[in-house]
Every structure is written in C-alpha cells, then in structure tokens.
Amino acid sequence: MHSHLHTPYNANCEEIMTALDECHARGFLHKAIGSCNDIKRDVNRCLAAERYARAKRNRDQARDNRSRIEKIWAEERAFEGNVPAAAGSGEGEKQ
C-alpha cells in the first residue's frame with residue numbers, strides 16, 4: 001500500500017498519474033502483461049524529482065533559518081558581553 005498520489009505536492013505529475021490510472025483501468029490482463037510498466041516508471045521518475053525538489057527547498061529554508069538564528073544568538077552574546085555585571089550582587093557572574 002502506498003500513500004495517495006494525487007496531492008498538491010505532486011501536481012506536476014498529475015498528467016502522468018492519470019495516464020497510469022487509465023492504463024490500469026483497461027483491465028487486469030493489460031496490467032499483468034506489463035503494458036503499463038513504462039508509464040509506471042515515468043510516474044516514479046516524476047515523483048522522485050518532485051520529492052528531491054521539495055527536500056532541496058526544505059534544506060535551503062532550514063539553512064536560512066539556522067543562519068538567521070545564529071546571527072541573533074551572536075548579537076545576544078555580543079550584547080551580554082557589553083552589559084556590566086551588578087557589583088557585589090553575585091548575580092550574573094559565572095563561577
């Protein structure tokens with residue numbers, strides 16, 4: 001069993017997936033002798049390309065988010081380094 005193929009993530013593969021559905025609808029014998037195999041390989045290639053593109057977008061976005069967070073952390077560390085510690089209170093001092 002596989003997940004539902006007709007999703008917004010796979011919209012670019014809709015035409016090929018419809019062709020595969022039509023091929024399978026021709027009957028069991030047509031499907032069993034391998035008449036749909038070429039279309040199935042095309043569907044697999046298309047879905048793999050979509051998955052790769054989606055993963056690349058996610059990685060790029062994660063890198064951007066991470067660099068933004070690290071920049072904020074660096075600014076906070078620089079700010080904390082410039083703040084004078086409260087004299088004699090013992091708070092904020094590292095031991």
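The first residue of the sequence shown is numbered 1, and numbering continues consecutively from there.
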- Query: How long is the gap from CD on Glu22 to CD1 on Ile39, to the nearest 0.5 Å?
  - Reply: 8.5 Å
- Query: Does a sphere of radius 6.0 Å around CD in Glu75 hold more than 12 heavy atoms from other residues, nucleotides or ligands, not counting ones at 6.0 Å or beyond?
  - Reply: yes
- Task: For residues Cys36 and Leu20, determine if any side-chain heavy atom of one lies less than 4.5 Å from a side-chain heavy atom of the other.
- Result: yes
- Task: Write out all pairs satisfying salt bridge (Lys or Arg N to Asp or Glu O under 4.0 Å) with one or both partners inside residues 57-70, taking only residues at least two apart or from two chains.
- Result: Lys56-Asp60, Asp60-Arg63, Arg66-Glu70
- Nearest heavy-atom contact between Cys46 and Ile16 is CB-CD1, 4.1 Å
- Message: Tell me whether Arg45 at atom CZ has more than 12 heavy atoms from other residues, nucleotides or ligands lying less than 6.0 Å away.
- Response: yes
- Rounded to the nearest 0.5 Å, the OG atom of Ser35 sits from the NE2 atom of His24 at a distance of 10.0 Å
- Message: As a quick check of understanding, evaluate side chain to side chain contact (heavy atoms under 4.5 Å, CB included) for Cys23 and Lys31, giving each step before the final call.
- Response: CA-CA 7 Å; Cys23 185; Lys31 191 169 40 170; over 6 Å; no
- Note on the structure: For Glu50 and Asn10, the nearest pair of non-hydrogen atoms, with its separation, is CB-OD1, 4.3 Å
- Starting at CG of Asn12, measure out to CE of Met17 and round the result to the nearest 0.5 Å. 9.5 Å
